[in-house]
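Note: hydrogens, waters and symmetry copies are ignored here, and every other heavy atom, side chains too, is used. Each chain gets a letter, A, B and so on, in the order the sequences are listed, and its residues count up from 1. The model shown is predicted, which means the values in this text are computed figures rather than measured ones.
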Amino acid sequence: MLRFASRFMNIWTELSQRGLLYQVTDAKLEALLTQEAFAVYCGFDPTADSLHVGNLVPLLGLARFQRAGHKPIALAGGATGLIGDPSGKKYERQLNTREQVAANLACIRKQLEKFLDFTPGRYSAKLVDNAEWLDGFNLLDFLRDIGKHFTINEMLSRESVSSRLDTGISYTEFSYQLLQAYDFYYLAKNYGCKLQVGGSDQWGNIVAGIELTRKLLQTQVYGLTFPLITKADGSKFGKTAEGTTCWLDPARTSPYKFYQFFIQTDDRDVVKFLNYFTFLPQEEIVALAESLRLQPEKREAQRALARHMTELVHGQEELRRAEAASIALFGGPLERLDERTLLEVFSEVPSFSLRRSWITDGKLLVDVLVETGIESSKAAARQSIQGGGIYINNERVCDVRERLSESRLLQGKYLVVRRGKRNYYLLGVAE
RNA sequence: GCAGGGGUGGCCGAGAGGUUAAUGGCACCAGACUGUAAAUCUGGCGGGCUAGGGCCCUACGUAGGUUCGAAUCCUACCCCCUGCACCA
């Protein structure tokens, strides 16, 4: 018990040191968190069938609370996902069908479970779905019992709504804040939840929940937000090099790509990200920051970040494979790679199978690039080759007439294609 | 409804009858320098064919028209913005 008491004291400091405290609804929260175990909740709407790296800050935030001895409640928004949160959105979103939301919900529940500890006990995490109490809520009851506590004036003043008054917002999305407010009230009443955390765009929704809870339960509950993740170059965080979202689902973003996503982090962002995303202690982060300053070319901080994140999300084995693939590809000459390594690389890197006949017939590389989707058109493929941007087995291709040939194959059946500095693809001959 | 302004390549934005696949900026891709980072510089950036030089097709809201020739002129239609009016 003593051990936990001291841990309570740490969560605030920990969040603060990591730069994860953005806004708090009440300055007293710091002291309160040291005095008792809080039930802390954070919601995730099933807008896709996977969470993405951007969801990690609040999700790991919950995990940090649990590690500090508090009780996390992850809420999957089976109901709110049907409505659509206008927060942070510039335009009205298209509604997902009930089937889609249900399917997404199932996937997201599984992902949420991976990051929290559900072993029974005082600090055991809980996973709830707000459809349980919101779906089927009688409209007239809702308007009378809940709606009456909100004025249009305050609802309009929320950033998520006011910023949309020019472009338009539907009544549906406008109502979202009431649903989330009700969630907080419901969790406070039934689970003793006293704190809601979330991204900074959730501030308005959180405050709405605090007010509703105060009115209905005469209970004071609290809110805390994490900062929006920004990048030094001003681009939006969470997109891979190809411009696609970096998902947690390995079927959407392979562990290799996931690892690559983090290892390519800008020097200017990497220390911040170590703080935001990892559980590494301050001393280690400070040491990595020092390494970055003195020997940036070693990229130890990036490596630590990539390792930590890949292991956290995909597990040790996938980390090993992603790292092995990265080392093999970025390490230099490929001829020496043994088949086992190649096979591992094959399983991680975007890969395609080649027909034996393509080799024997000497198919044009340009056509192969297009058929595999490495290049979008033959014109583009030719330009890449002419610009010196295409490599086979890390050797630059200098002739647009390059054809596939037996002699190029590694281990008699593999071909490593690289586009630019860091985009690797593995082609293997199908037997 | 009336008046005015406008719809151009992923985005912004020039062009106002002919060297215009269409200036420029952003984004994006590649190259050089490096460290799978940044900054900078260079090249590319509708598509197809071509070793190369080049050839061809499709594009400036939509549909027609005038012209040897149109993103540029005319007509109709659609959509957006800004005033005014109407309605309440």
Ring centers of A:F262, A:F273 separated by less than 6.0 Å: no
Touch class at under 4.0 angstrom, heavy-atom based, for A:R268 against every strand present: sugar-phosphate
Sugar-phosphate only, base, or nothing, as touched by A:D266 at under 4.0 Å among non-hydrogen atoms: sugar-phosphate
Whole-Å distance separating the CZ atom of A:R303 from the P atom of B:rA37: 12 Å
Length of the CD1-P vector between A:I374 and B:rA30, whole Å: 13 Å
Salt-bridge criterion met for A:E371 and A:R355 (N-O under 4.0 Å): no
B:rG17 to B:rA85 separation - P atoms, rounded to the nearest Å: 38 Å
Rounded C1' spacing from B:rA63 to B:rA27 in Å: 34 Å
Spacing between A:F330 atom CZ and B:rA37 atom C1', to the nearest angstrom: 13 Å
CZ/A:R252: more than 12 non-hydrogen atoms of other groups inside 6.0 Å: yes
Residue met sooner reading RNA chain B from 5', once A:V370 and A:T265 are mapped to nucleotides: A:T265
Spacing of A:Q264 atom CD relative to B:rU36 atom C1', expressed in whole Å: 5 Å
Sugar-phosphate, base or nothing in reach of A:K378, heavy atoms under 4.0 Å: sugar-phosphate
d(CZ, A:R422; P, B:rU34) in whole Å: 17 Å
Span that lies between the P atom of B:rC78 and that of B:rU20, in whole angstrom: 36 Å
Close side-chain approach of A:D183 and A:Y41, heavy atoms under 4.5 Å: yes
Pairwise C1' distance for B:rG10 and B:rG35, with rounding to whole Å: 31 Å
A:D367 vs A:E375, nearer the 5' end of RNA chain B by closest nucleotide: A:E375
Crowding at CZ, A:F237 (>12 non-hydrogen neighbours, <6.0 Å): yes
Verdict with supporting geometry, A:E290 and A:R293, salt bridge (Lys or Arg N to Asp or Glu O under 4.0 Å): CA-CA 5 Å; A:E290 192 61 6; A:R293 194 170 68 79; 2.8 Å; yes
Touch class at under 4.0 angstrom, heavy-atom based, for A:S326 against every strand present: base
Under 3.5 Å on both distances, the Watson-Crick or G-U partner of B:rG1: B:rC84
Atom-to-atom span, CD of A:Q260 to C1' of B:rA37 - whole angstrom: 13 Å
Smallest separation among heavy atoms of A:A76 and A:L105, with atom names: CB-CD1, 3.4 Å
Rounded distance in Å - NZ (A:K421) to C1' (B:rA30): 12 Å
Ionic contact status for A:E317 with A:R320, cut-off 4.0 Å: yes
Pairing nucleotide - B:rU62, Watson-Crick or G-U, each distance under 3.5 Å: B:rA76
Sub-3.5 Å pairs of nitrogen or oxygen atoms, protein against nucleotides 41-46 of chain B:
| from | atom 1 | to | atom 2 | distance (Å) |
| --- | --- | --- | --- | --- |
| B:rG44 | O2' | A:Q383 | OE1 | 3.4 |

Short side-chain N/O contact to B:rG48 OP1/OP2 from A:R382, under 4.0 Å: no
Salt bridge flag under 4.0 Å for residues A:R418 and A:E395: no
d(CG, A:D233; P, B:rA38) in whole Å: 8 Å
Ring centroid separation A:Y256 to A:Y259 under 6.0 Å: no
Ring-ring centroid check A:F115 A:F44, cutoff 6.0 Å: no
A:R419 side chain near B:rC29 phosphate (N/O to OP1/OP2, under 4.0 Å): no
Nearest-Å distance once atom C1' is located in both B:rA59 and B:rG15: 16 Å
Contact under 4.0 Å: A:K298 side-chain N or O vs B:rA37 OP1/OP2: no
Atom C1', compared across B:rU23 and B:rG31: separation rounded to whole Å: 25 Å
Pair partner, B:rU20 [Watson-Crick or wobble, under 3.5 Å]: none
B:rU62 and B:rU8, which share atom name P, separated by this distance in whole Å: 10 Å
Strand contacts (RNA chain B) in residues 384-401 of chain A, 4.0 angstrom heavy-atom criterion: A:Q386, A:G387, A:G388, A:G389, A:Y391, A:R396, A:V400, A:R401
Strand partner of B:rA71, provided both Watson-Crick or wobble distances fall under 3.5 Å: none
Side-chain N,O (A:N423) to OP1/OP2 (B:rU36) below 4.0 Å: no
Carboxylate-amine/guanidinium proximity below 4.0 Å for A:R307 and A:E311: no
Watson-Crick or G-U counterpart of B:rA30, or none if no pair lies under 3.5 Å: B:rU42
Inter-nucleotide P distance (B:rG47, B:rG1), Å rounded: 42 Å
Nucleotide opposite B:rC55 in a Watson-Crick or G-U pair, distances under 3.5 Å: B:rG48
